[in-house]
Amino acid sequence: MKALVMLLSLLASTVVVADGKTFTVGVENLEYTPHYSYEGGEYKGFAADVLKAFAKEKGYTLQFKAYPVARLIGVFVGGEVDFKYPDNANWAADAKQGKSIVYSDAVAQFTDGALVLPDMKGKVQLKALGAPRGFTPWVYMADVSAGKIKLQELDTLDAVIKSVQAKRVDAGYANIDVAAHYMKTVMKTPDALVYDSALPHDNGTYHLSTIKHAAVIAEFNQFLKDKKAVVDGLRSQNGLK
C-alpha cells in the first residue's frame with residue numbers, strides 16, 4: 001500500500017511538471033534586500049513579490065532554488081533551472097557563449113557606486129576602496145590592476161561600511177539601495193555614509209532570463225506592461241524608487 005501511495009505521488013508530480021505550469025527559478029543565495037534575499041528557504045523582496053504576482057496571474061507555480069552567485073550561472077546554462085534572476089545580457093559573456101538566452105524587459109534598475117563619509121562627498125581622492133567579497137567593482141578594476149587604487153575585499157557589507165567610517169578605506173563600493181536599506185534598518189544610522197555620484201559608478205537593469213521558455217518571458221513582459229501599477233506599488237512597498 002505504501003509503495004502504491006508513493007507511485008501515485010510520483011505520477012502526480014510528473015503531471016504537474018508536464019502540464020507546463022511548474023517552473024524552477026535559479027536565484028542568488030544572497031541577502032540583497034530590498035531587491036531580493038533568500039532566508040530560511042524563502043525567496044523575499046521586490047523581485048520575489050513581482051515573480052509571485054506574475055505566477056499567480058498566470059496560474060504558474062514557481063520553485064525558487066538558491067545558489068551561490070558564482071555557481072548560479074553554471075547551473076543556468078547547464079539547464080538545471082528554467083529561469084535565472086537577476087540577469088543581464090552584459091553579464092558572464094564567456095559562460096553564456098553558444099547559448100540562445102532570452103531576456104525579459106527590465107524588472108528593476110540598479111546603481112552600484114561609492115559610499116563615502118557625508119563630509120567627504122565630492123572631495124574624496126580615491127586611493128583605497130572597500131567592497132564585499134565577491135562583489136566586483138568593475139568600473140574601478142582598471143585602476144586596481146594598474147595599482148592606482150588598492151581594493152580591500154571584506155566579508156560583509158557591514159564591514160565595508162565600518163571600514164569607511166574608520167577611514168581604513170576612502171570609500172565603499174556597493175549597491176546603493178542595499179546599502180541604504182542596511183544602514184537604515186540594521187545599523188539605525190541612515191546617514192552613516194552617502195552615495196557620491198561624482199565618483200565612477202555602474203547603472204544597469206535586472207532581468208528574468210531563460211534558455212527554455214521564451215513564450216513565458218513574452219507573457220512576463222506583457223504582465224509588466226499591463227500590471228505596471230501593481231509592479232510600481234510593489235516597488236514602493238519594498239522601498240525602491
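No hydrogens, no waters, no symmetry mates; every other heavy atom, side chains included, goes into these values.
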Which heavy atom in D87 sits nearest to a heavy atom in S209, and how many Å separate them? OD2-OG, 2.7 Å
When you measure from the side chain of H207 to the backbone N and O of S104, does any donor-acceptor pair fall under 3.5 Å? yes
Spell out, yes or no, whether V169 and L154 are grouped together once hydrophobic residues are joined by side-chain heavy atoms under 4.5 Å, including indirect joins. no
Provide the closest heavy-atom pair for V25 versus L62 in the form atom of the first, atom of the second, distance. CG2-CD2, 4.1 Å
May I ask you to check whether F64 and Y38 place their ring centers less than 6.0 Å from one another? no
Provide the closest heavy-atom pair for A95 versus I73 in the form atom of the first, atom of the second, distance. CB-CG1, 3.9 Å
Got a donor-acceptor contact below 3.5 angstrom from the R133 side chain to the E153 backbone? yes
Qualifying residue for side-chain hydrogen bond (donor to acceptor under 3.5 Å, both in side chains) with D177, from K241, Q109, H35: H35
Where do V107 and F46 come nearest, in terms of heavy atoms and distance? O-CE2, 3.6 Å
Any donor-acceptor N/O pair, E31 side chain to T33 backbone, under 3.5 Å: yes
Taking the side chain from Y67 and the backbone from V75, do they hold a donor-acceptor pair closer than 3.5 Å? no
Distance from L151 atom CG to M141 atom CE, nearest 0.5 Å? 6.0 Å
Quick check: is V186 connected to I161 through a chain of hydrophobic side chains (ILVMFWY, heavy atoms under 4.5 Å apart)? yes
If only side-chain N and O atoms count, and only distance matters, is there a donor-acceptor pair under 3.5 Å linking Y36 with E28? yes
Connected via hydrophobic side-chain network under 4.5 Å: M183 and V160: no
Is a side-chain donor or acceptor of S163 paired with a backbone partner of A159 at a separation under 3.5 angstrom? yes
Has the side chain of K188 got a donor or acceptor atom that lies under 3.5 Å from a matching backbone atom of T185? yes
How long is the span from the CD atom in Q125 to the CE atom in M120, to the nearest 0.5 Å? 8.0 Å
Is there a donor-acceptor contact under 3.5 Å from the side chain of N88 to the main chain of T205? yes
Heavy atoms, side chains only, cut-off 4.5 Å: are Y195 and K121 in contact? no
Is the closest side-chain heavy-atom distance between K65 and V27 below 4.5 Å? no
Tell me whether L115 shares a hydrophobic cluster with V144, the cluster being built from Ile, Leu, Val, Met, Phe, Trp, Tyr side chains joined at under 4.5 Å. yes
Is L208 reachable from V50 through a run of hydrophobic residues whose side-chain heavy atoms are each under 4.5 Å from the next? yes
Can you say whether the rings of F220 and F54 are parallel (under 30°), tilted (30 to 60°) or perpendicular (over 60°)? perpendicular
Is any side-chain heavy atom of V178 closer than 4.5 Å to a side-chain heavy atom of H181? no
Heavy atoms from other residues, nucleotides or ligands near NZ of K96 exceed 12 (cutoff 6.0 Å): yes
Checking side-chain polar atoms at under 3.5 Å, does D82 have a donor or acceptor matched by the opposite partner on H213? yes
Heavy-atom closest contact (A114 atom, Y140 atom, distance): CB-OH, 3.9 Å
Can you tell me if CH2 on W138 sees more than 12 non-hydrogen neighbours from other groups inside 6.0 Å? no
Heavy-atom closest contact (P68 atom, N29 atom, distance): N-CB, 4.1 Å
Any chance you could measure Y43, atom OH, to K52, atom NZ, to the nearest 0.5 Å? 9.5 Å
Between the CD atom in Q152 and the CG atom in L129, the distance rounded to the nearest 0.5 Å is 9.0 Å
When you check the gap from the basic side-chain N to the acidic O, do D196 and K123 get nearer than 4.0 Å? no
Is a donor from one side chain sitting under 3.5 angstrom from an acceptor on the other, for Y173 and D112? no
May I ask you to check whether over 12 heavy atoms, not counting those of K227, lie within 6.0 Å of atom NZ? no
Euclidean distance, F76 CZ relative to I211 CD1, rounded to 0.5 Å: 4.0 Å
Residues, nucleotides or ligands: over 12 heavy atoms within 6.0 Å of K212 NZ: yes
The reported gap from CG in D170 to CG in L199 (rounded to nearest 0.5 angstrom) is 9.5 Å
